[in-house]
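Step one of this worksheet: look at the structure below.
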Protein chains: 2
Amino acid sequence: MVDGICEIKSVDRQKVIRVKEEMLSYTDVQELANIYKAMGDETRITILYALSCAELCVCELTQLLDISQSAISHQLRLLRNLRLVKYRKEGKQVFYSLDDEHILNLFSQGIAHIQHR
Amino acid sequence: MVDGICEIKSVDRQKVIRVKEEMLSYTDVQELANIYKAMGDETRITILYALSCAELCVCELTQLLDISQSAISHQLRLLRNLRLVKYRKEGKQVFYSLDDEHILNLFSQGIAHIQHR
DNA sequence: ATAACACATGAGCATGTATTCATATAAAGA
DNA sequence: TCTTTATATGAATACATGCTCATGTGTTAT
């Protein structure tokens, strides 16, 4: 292969050009990657799934998750920055919930995938 | 907070117990994380998206992706192991395609999410 | 005012991961 | 057979990430 271009005659240049035109923009790819990256961690999946069941404060999440309160707060900040969760303060407590119904759909598609095999 | 249990009287123990019962199993969480982790990388998203447009050989992917052929092969192996792509040999070439229609749904949900804001 | 509590955050560390480089393998052609 | 081409893979490296620990911030209660 020379310069990433294989010389096989049968390579369908037209197909490659067509696919190139259909490709996602770089910013779209980045945004998609951020969402899937957010869901690509066992702790965050557990948090998001728990929040899909009920609105929960940090303390309650800590009771559900077997890791430190600090670790959970760090992950919540990440999810907040990506706008996957929103929060509401009530006295000393902070209650988190899902910010977007699409996340539920992402979950159900993912679950459909693992059940499919 | 003592031992991960906050003493606020208003904390709804019943709610926490109910959520705990609804939680995903650890293996489900792991499998979900693996899928999202696979899609949580810009290179892999680009590969998967390209394959959603057409069946492509490694050489054609190399023309589309601006990284080395080696890097692409490494990523394809990962996607193969997760059964997100399948392949077909034809002489020297190896043609890859998506292994599962759920991935398209995962994409469309993700795209819906980034367009939603 | 002071203490206790719920939560957030910075630092540091250990582990994971994505890439390149060099090289191996396998098919096709000369 | 010897070379070229298409792909795969192991090693090394640079970077990202998830956790804990220590501490900071803001709120409530005494």
Side-chain angles (χ1 to χ4, degrees), chain A residues 1-12 16 29-30 33-34 36-48 55-82 85-96, chain B residues 1-12 16 29-30 33-34 36-48 55-82 85-96:
Chain A
M1 191 162 53
V2 181
D3 289 336
I5 295 160
C6 74
E7 285 92 18
I8 295 258
K9 293 281 188 292
S10 66
V11 163
D12 192 339
V16 173
V29 170
Q30 280 184 310
N34 282 338
Y36 295 125
K37 230 177 278 185
M39 302 184 74
D41 175 80
E42 294 163 15
T43 297
R44 289 190 295 271
I45 285 187
T46 309
I47 290 175
L48 290 170
E55 184 193 52
L56 294 164
C57 70
V58 178
C59 175
E60 291 167 332
L61 284 168
T62 305
Q63 294 175 52
L64 287 166
L65 275 240
D66 275 349
I67 58 171
S68 71
Q69 172 265 318
S70 170
I72 290 180
S73 277
H74 280 296
Q75 297 294 10
L76 285 171
R77 176 168 55 164
L78 196 152
L79 295 171
R80 244 165 38 215
N81 289 341
L82 287 169
V85 301
K86 62 188 176 205
Y87 64 96
R88 166 176 80 78
K89 296 193 181 184
E90 189 176 316
K92 286 181 290 186
Q93 292 175 285
V94 181
F95 287 90
Y96 283 84
Chain B
M1 193 163 51
V2 181
D3 289 336
I5 295 160
C6 73
E7 285 92 18
I8 295 258
K9 293 280 187 298
S10 66
V11 162
D12 191 340
V16 173
V29 170
Q30 280 184 312
N34 283 337
Y36 295 125
K37 231 176 277 183
M39 302 183 75
D41 174 82
E42 294 164 14
T43 297
R44 288 192 294 271
I45 284 188
T46 309
I47 290 174
L48 290 170
E55 183 191 55
L56 295 164
C57 70
V58 178
C59 175
E60 291 167 332
L61 284 168
T62 304
Q63 294 175 53
L64 287 166
L65 276 240
D66 276 350
I67 56 171
S68 71
Q69 172 267 316
S70 171
I72 290 180
S73 276
H74 280 296
Q75 298 292 12
L76 285 170
R77 178 170 51 167
L78 195 153
L79 294 171
R80 244 165 38 215
N81 289 341
L82 287 169
V85 301
K86 61 188 175 206
Y87 63 97
R88 164 177 81 77
K89 296 194 182 185
E90 189 176 318
K92 284 181 292 187
Q93 293 173 284
V94 180
F95 286 90
Y96 284 84

**Q.** Between C1' of D:dT9 and CG of B:Leu78, the distance in whole Å
**A.** 14 Å

Q. CD of B:Gln93 versus C1' of C:dG29: gap in Å, rounded?
A. 15 Å

Q | side-chain hydrogen bond (donor to acceptor under 3.5 Å, both in side chains), paired with A:Glu90, selected from A:Arg88, A:Gln93, A:Lys92 | A | A:Arg88

Q: If the plane angle is over 60° it's perpendicular, under 30° parallel, otherwise tilted; pick one for B:Tyr96 and B:Tyr87.
A: tilted

Q. Whole-Å distance between D:dC15 P and B:Glu42 CD?
A. 16 Å

Q. Any donor-acceptor pair under 3.5 Å joining the side chain of B:Gln69 to the base of D:dA8?
A. yes

Q: Measure from OH on A:Tyr87 to C1' on C:dT9 and round the result to the nearest Å.
A: 14 Å

Q: Return the 5'-most residue of the pair A:Gly91, A:Asp41 with respect to DNA chain D, ranking by each residue's nearest nucleotide.
A: A:Asp41

Q: Please tell me which of the listed nucleotides, D:dT27, D:dT9, C:dA27, lies nearest to the side chain of B:Lys92?
A: C:dA27

(Q) Please determine whether side-chain hydrogen bond (donor to acceptor under 3.5 Å, both in side chains) holds for the pair A:Thr46 and A:Glu42, giving the CA-CA distance in whole Å, both sets of side-chain angles, and the decisive distance to 0.1 Å. (A) CA-CA 6 Å; A:Thr46 309; A:Glu42 294 163 15; over 6 Å; no

Q) Is a donor on one side and an acceptor on the other found under 3.5 Å between the side chain of A:Gln75 and the backbone of A:Ile72? A) no

Q.
So if I take every side-chain heavy atom of B:Arg77 and compare against D:dA8, D:dT9, D:dT20, which nucleotide ends up nearest?
A. D:dT9

Q: Report yes or no: is the ring centroid of B:His74 under 5.5 Å from the six-membered base ring centroid of D:dT9, with the two planes under 30 degrees?
A: yes

Q.
I want to check one thing: is the phosphate of D:dG18, taken as OP1 and OP2, less than 4.0 Å away from some side-chain N or O of A:Arg44?
A. yes

Q: Kindly point out which of C:dT19, D:dG18, D:dT20 is positioned nearest to the side chain of B:Gln75?
A: C:dT19

Q) Donor-acceptor pair, A:Arg44 side chain versus A:Ala38 backbone, under 3.5 Å? A) yes

**Q.** Any B:Tyr96 side-chain nitrogen or oxygen under 4.0 Å from OP1 or OP2 of D:dA8
**A.** yes

(Q) Can you tell me which nucleotide in D:dC19, C:dG10, C:dC7 comes closest to the side chain of A:Ala71? (A) D:dC19

Q | Donor-acceptor pair under 3.5 Å, B:Thr43 side chain vs C:dT19 base | A | no

Q: Calculate the interatomic distance between B:Glu60 atom CD and D:dT5 atom P; express it in whole Å.
A: 17 Å

**Q.** Separation of atom NZ in B:Lys89 from atom P in C:dA27, rounded to whole Å
**A.** 7 Å

(Q) When you measure from the side-chain N and O atoms of B:Arg80 to the phosphate of D:dA8, is any distance below 4.0 Å, counting only OP1 and OP2? (A) yes

Q | Atom-to-atom span, CD1 of B:Ile72 to C1' of D:dT9 - whole angstrom | A | 15 Å

Q.
Regarding C:dT19, can its base be found pairing with the side chain of B:Ser70 as donor and acceptor, where the two atoms are less than 3.5 Å apart?
A. no

(Q) Rounded to whole Å, please give me the gap between CG in A:Leu79 and P in D:dT17. (A) 14 Å

